[in-house]
Amino acid sequence: MNNTSVKISIQTQDFNLQDEVDLLEQDNAVDGAVVTFTGRVRNKNEGLTVSGLYLEHYSGMTEKSLAKIIAQAQQRWQIGRVSVIHRIGQLAIGDQIVFVGVTSMHRQDAFAAAEFIMDYLKVQAPFWKKELTEQGEKWLDAKQSDNKQAQQWNN
Amino acid sequence: MNNTSVKISIQTQDFNLQDEVDLLEQDNAVDGAVVTFTGRVRNKNEGLTVSGLYLEHYSGMTEKSLAKIIAQAQQRWQIGRVSVIHRIGQLAIGDQIVFVGVTSMHRQDAFAAAEFIMDYLKVQAPFWKKELTEQGEKWLDAKQSDNKQAQQWNN
Amino acid sequence: MTIKVVFFATLREQLDCSEVQVPASEVNTIADIKIKLARKNEHWQQVFSHSALLSAINHDMVQSEHTVKTGDEVAFFPPVTGG
Amino acid sequence: MTIKVVFFATLREQLDCSEVQVPASEVNTIADIKIKLARKNEHWQQVFSHSALLSAINHDMVQSEHTVKTGDEVAFFPPVTGG
């Protein structure tokens with residue numbers, strides 16, 4: 001990885017945070033700041049008890065969409081390496097779903113870019129969640145609040 | 001750990017990100033979002049090549065100061081568990097120095113609280129860095145930009 | 001001389017179909033494709049009229065008025081819910 | 001009936017001293033302690049006049065006008081540089 005490398009991985013297997021952050025910082029003694037976001041499967045959603053999650057995606061478009069979001073973040077902030085991992089397939093409560101990691105010389109830039117990438121991933125990257133609840137399988141509805149959150153970056 | 005537990009650790013030994021995040025999320029299926037900040041020893045500072053770092057702190061005050069900062073974050077945002085680890089003693093290039101981890105049901109709150117805690121840690125927690133550079137040992141000067149960054153949360 | 005059209009998530013399940021081919025000569029835009037597919041039968045008509053669908057051409061999100069050409073891969077899907 | 005005064009980082013090294021005891025009867029405020037310590041000798045005078053020092057009482061950051069009492073632990077140190 002060079003100092004502006006990007007890693008995008010769509011995978012069924014789990015990931016290890018320390019390994020991912022080590023990769024972001026390997027031979028990268030320039031960037032002293034690393035911000036990560038990790039999303040996990042919750043046991044409740046909209047009042048229903050959830051027992052698991054199935055994640056579908058649009059292979060090809062997912063990678064292209066994430067690459068575009070990361071490129072926008074690189075234009076807005078002075079950041080180093082970026083890593084985005086998103087799991088697909090069957091997941092259980094507490095399982096890690098998504099990882100975003102950003103390095104920078106400046107912690108403000110790392111924080112902003114990581115949040116920006118998550119906000120746009122939520123509304124642009126073609127993933128869909130189907131929850132297994134006490135009332136059976138249910139595709140999740142997109143949240144209006146996620147659209148608002150992403151739009152805030154345009155102000 | 002219950003759902004609003006706080007961990008504060010000042011230690012010489014290294015930490016493992018995955019272990020810390022797992023601890024933050026253990027029996028915590030409520031909070032789906034985890035944001036972490038990790039600071040590492042850089043190889044350059046203010047134009048000088050750095051070969052290592054020595055970290056001193058004011059035992060007792062450090063813990064009290066961090067607890068106060070975390071309590072402020074808990075008042076401002078809806079967050080779950082918080083973990084702050086800061087290493088002291090001799091550190092080498094690339095070594096992890098500091099870890100801040102925050103869980104929340106809402107990623108915006110986790111991002112804001114983690115950044116807030118780092119910003120205040122930088123200006124209020126009694127740690128001092130001495131760098132080993134090509135020109136010998138040198139205590140770091142505090143940065144005015146860090147004060148400005150912390151003050152922005154009052155606006 | 002066709003356009004490949006793919007469906008995802010709820011939409012795929014509701015249609016019970018993941019992919020169709022549409023003759024490129026019969027459509028100019030994403031909107032045309034939607035209208036054409038809705039005419040297939042009453043069920044497809046309902047599905048396409050009731051859902052707030054997003055669309056993509058060759059892996060880029062586009063609006064309904066976007067033109068399509070032979071060889072394109074067009075996708076329809078519900079608002080995304082990853083992360 | 002004393003106040004424990006501790007020094008950190010550059011300050012400790014410049015003074016070559018990490019801790020002193022000050023009689024509580026001779027000082028009312030943090031500022032008083034600073035003045036008293038500066039009178040010790042020319043070197044201490046210089047160190048205390050040249051540095052933008054922060055101060056704490058019993059592990060809480062305070063301003064110079066803050067009052068002190070017997071049994072307090074007072075600390076002087078340069079601006080912090082952790083994280």
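Since the structure is predicted, the reported quantities are computational estimates derived from the model, not experimental observations. Throughout, protein chains are lettered first and strands after them, A, B, ... in sequence-line order, and every chain is numbered starting at 1.
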Point to revise | A:Gln152 atom CD, neighbour heavy-atom count above 12 within 6.0 Å | key: yes
Exercise for review: Look at B:Ile93, B:Ile97, B:Val30, B:Asp31 and state which one has the largest set of heavy-atom pairs under 4.5 Å with chain A.
Suggested key: B:Val30
Review point. With a 4.5 angstrom heavy-atom cut-off, which part of B:Ala114 approaches chain A: side chain, backbone, both or neither?
Key: both
Revision key, fill the gap. The interface call for B:Gln96 against chain A, heavy-atom contacts under 4.5 Å, is side chain
Exercise for review: Ignoring hydrogens and angles, tell me if any N or O in the side chain of A:Gln18 forms a donor-acceptor pair with the backbone of B:Gln18 under 3.5 Å.
Suggested key: no
Check your understanding: What distance separates B:Leu17 CG from A:Thr36 OG1, expressed to the nearest 0.5 Å?
Key -> 6.5 Å
Check your understanding: Shortest non-hydrogen contact from B:Val35 to A:Val35?
Key -> CG1-CG1, 4.3 Å
Review point. With a 4.5 angstrom heavy-atom cut-off, which part of B:Asp19 approaches chain A: side chain, backbone, both or neither?
Key: neither
Check your understanding: Taking the six-membered ring for Trp, are A:Phe111 and B:Phe37 ring centroids under 6.0 Å apart?
Key -> yes
Point to revise | Student check: side-chain heavy atoms of A:Asn28 and B:Arg42 closer than 4.5 Å | key: no
Review point. Is the shortest distance from a Lys or Arg side-chain nitrogen in A:Arg107 or B:Asp119 to a carboxylate oxygen in the other one below 4.0 Å?
Key: yes
Review point. Taking atom CD of B:Gln75 as the centre, does the number of heavy atoms from other residues, nucleotides or ligands within less than 6.0 Å exceed 12?
Key: no
Check your understanding: From A:Asn16 CG over to B:Asn16 CG, what is the distance, rounded to the nearest 0.5 angstrom?
Key -> 6.0 Å
Revision key, fill the gap. Of the listed A:Gln108, A:Lys44, A:Met105, A:Met118, the one with the largest count of heavy-atom pairs under 4.5 Å with chain B is A:Gln108
